[in-house]
Amino acid sequence: MAATSPRLRASTEKTRPSVFWPLAAVIAPLIALLFKLEIEGAENLPREGAYVLAPNHYSESDPLAVALAVWKAGRAPRFMAKESLFRVPVLGWILRITGMVPVARSSSAASARQTLETSETLVKLGRGVIVYPEGTLTRDPAMWPMRGKTGAVRLALAGDIPLVPMAQWGCQAVLPRYGKLKLWPLRRPVRVVIGEPVDLSAFRANETQPAALVAATDVVMAEIAELLSTIRNEPAPAERWNPSEHGQKETGRLEP
């Protein structure tokens, strides 16, 4: 694998004073105690403007590594989060002031309307958002990306926003999937690869059609799996794991 990407110009949302400065000053060093990040492809994250970042998800701790990687790559990390979390005291306030993006479990019509509004807001404010396309921790026994939900693709297509795939690996050494926290030794290595934006142009004409959204999501998940295979140095499965075919319930997902 190539060496860590060279230092790049940070976006104005990172260089301009904001609530992220004090948060990063406190939180980033703590995350860095857990994870020693090696980042490749930081130049693929847009310097300015809206984007949707789609990482794989295999550990309850990997959002910390993803957030730190995005900050180090020069952008402010904002996640798609369940709407109910915004009603939690203190946590809800933090989510709102940092510009995190709420998503509700609702009807298809309401979901489509919310997707369009969210896309318009991202474009207007020039912000990026991190969306786990799997919606929850992968159920794949070998922790490869499983079948994705269409939320990330819908968001990107609705606003003509770049959809950037990401793969990261190593957080399971600190917190195994559904396991116990392992704090020692500190600074466990975590490798992060940010890929080039996925070409979704073939799906734009049918962006509201379920079949097209599923097909586009399959393309995105294949890109993420391929990036992960370069980190793990082994081939990714030809097909994504489908929990419903194995009697597994997909809990904790972020979209209706």
Side-chain angles (χ1 to χ4, degrees), residues 52-63 65-66 79-84 103-112 114-115 129-158 163-173 175-180 191-193 195 198-200 202-204 206-256:
V52 176
L53 183 67
N56 60 316
H57 194 20
Y58 57 92
S59 167
E60 291 93 336
S61 66
D62 65 54
V66 170
F79 286 86
M80 187 81 80
K82 289 185 292 186
E83 190 177 50
S84 59
V103 60
R105 295 188 184 189
S106 55
S107 67
S108 296
S111 176
Q114 184 184 51
T115 295
V129 64
I130 302 162
V131 181
Y132 281 107
E134 295 163 276
T136 186
L137 294 176
T138 181
R139 300 295 194 268
D140 185 288
M143 295 195 293
W144 288 99
M146 66 177 179
R147 183 190 62 172
K149 308 296 180 184
T150 60
V153 164
R154 286 190 286 116
L155 195 59
L157 287 173
L163 196 160
V164 181
M166 171 194 273
Q168 37 82 32
W169 187 248
C171 295
Q172 72 277 12
L175 185 57
R177 182 178 53 182
Y178 309 123
K180 295 182 179 179
R191 303 176 76 176
V192 178
V193 180
V198 179
D199 183 4
L200 297 176
F203 306 98
R204 197 165 304 284
N206 301 303
E207 63 183 65
T208 62
Q209 301 301 313
L213 292 171
V214 170
T217 299
D218 288 342
V219 170
V220 171
M221 298 312 300
E223 291 281 349
I224 297 171
E226 182 60 30
L227 292 175
L228 184 58
S229 73
T230 67
I231 300 175
R232 295 176 56 164
N233 197 30
E234 57 182 306
E239 296 184 3
R240 309 284 77 78
W241 182 268
N242 187 342
S244 63
E245 293 180 354
H246 298 273
Q248 296 173 321
K249 185 178 180 180
E250 300 176 63
T251 59
R253 65 187 190 181
L254 296 182
E255 60 182 279

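Everything quoted here is computed from the prediction, not taken from an experiment.
In this structure the side chain of Tyr132 reaches within 4.5 angstrom of the side chain of Val66, judged on heavy atoms.
The minimum heavy-atom distance linking Ala225 with Trp144 is given by the pair O-CZ3, 3.8 Å. The two residues Pro55 and Val131 come nearest to each other via the heavy atoms CD-O, 3.4 Å. In this structure, Ala142 and Asp140 approach most closely via the heavy-atom pair N-OD1, 2.7 Å. The heavy-atom pair separating Ala156 from Leu200 by the smallest distance is CB-CD1, 4.2 Å. Closest approach of Ser244 to Arg147, counting heavy atoms only: OG-NH1, 4.2 Å. Closest non-hydrogen pair, Phe79 versus Val129, comes out as C-CG2, 3.9 Å.
For Ala65, the side-chain contact (heavy atoms from CB on, under 4.5 Å) partners two or more places apart in sequence, or in a different chain, are Phe35, Leu37, Cys171, Val190. Judged as a side chain to side chain donor-acceptor pair (under 3.5 Å), and not counting sequence neighbours, Asn206 has no contacts. Remark: Ala167 pairs with Asn56, Leu227, Leu228, Ile231 by the side-chain contact (heavy atoms from CB on, under 4.5 Å) rule, at least two apart or across chains. Legend: residues meeting ring-ring contact (aromatic ring centres under 6.0 Å, His included) with Trp169, ordered by chain and number and at least two apart, are Tyr58. Residues passing the side chain to side chain donor-acceptor pair (under 3.5 Å) test with Thr217, sequence neighbours excluded: none.
One distance of note links CZ of Arg240 with CD1 of Ile224; it measures 9.5 Å at 0.5 Å rounding. Between atom CG of residue Leu155 and atom OG1 of residue Thr150 there is a gap of 11.0 Å, rounded to the nearest 0.5 Å. Interatomic distance, His57 NE2 to Gln168 CD, rounded to the nearest 0.5 Å: 9.0 Å. With rounding to the nearest 0.5 Å, the separation of CG in Asp62 from CZ in Arg177 is 11.5 Å. With rounding to the nearest 0.5 Å, the separation of OG1 in Thr138 from CE in Met146 is 5.5 Å.
Sorted by first and then second residue, the pairs that involve residues 216-237 and meet salt bridge (Lys or Arg N to Asp or Glu O under 4.0 Å), not counting sequence neighbours, are Arg232-Glu234.
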Run Glu134 and Arg139 through side-chain contact (heavy atoms from CB on, under 4.5 Å) and show every step you take. CA-CA 10 Å; Glu134 295 163 276; Arg139 300 295 194 268; over 6 Å; no
One pair to check against side-chain contact (heavy atoms from CB on, under 4.5 Å): Met166 and Ile130. What are the steps and the verdict? CA-CA 10 Å; Met166 171 194 273; Ile130 302 162; over 6 Å; no
Carefully, step by step, assess Leu157 and Leu213 under the rule side-chain contact (heavy atoms from CB on, under 4.5 Å). CA-CA 9 Å; Leu157 287 173; Leu213 292 171; 4.0 Å; yes
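For the pair Ser59 (side chain) and Leu175 (backbone), a donor-acceptor distance under 3.5 Å is present. Judged by distance alone, the side chain of Glu245 and the main-chain N or O of Pro243 form no donor-acceptor pair under 3.5 Å.
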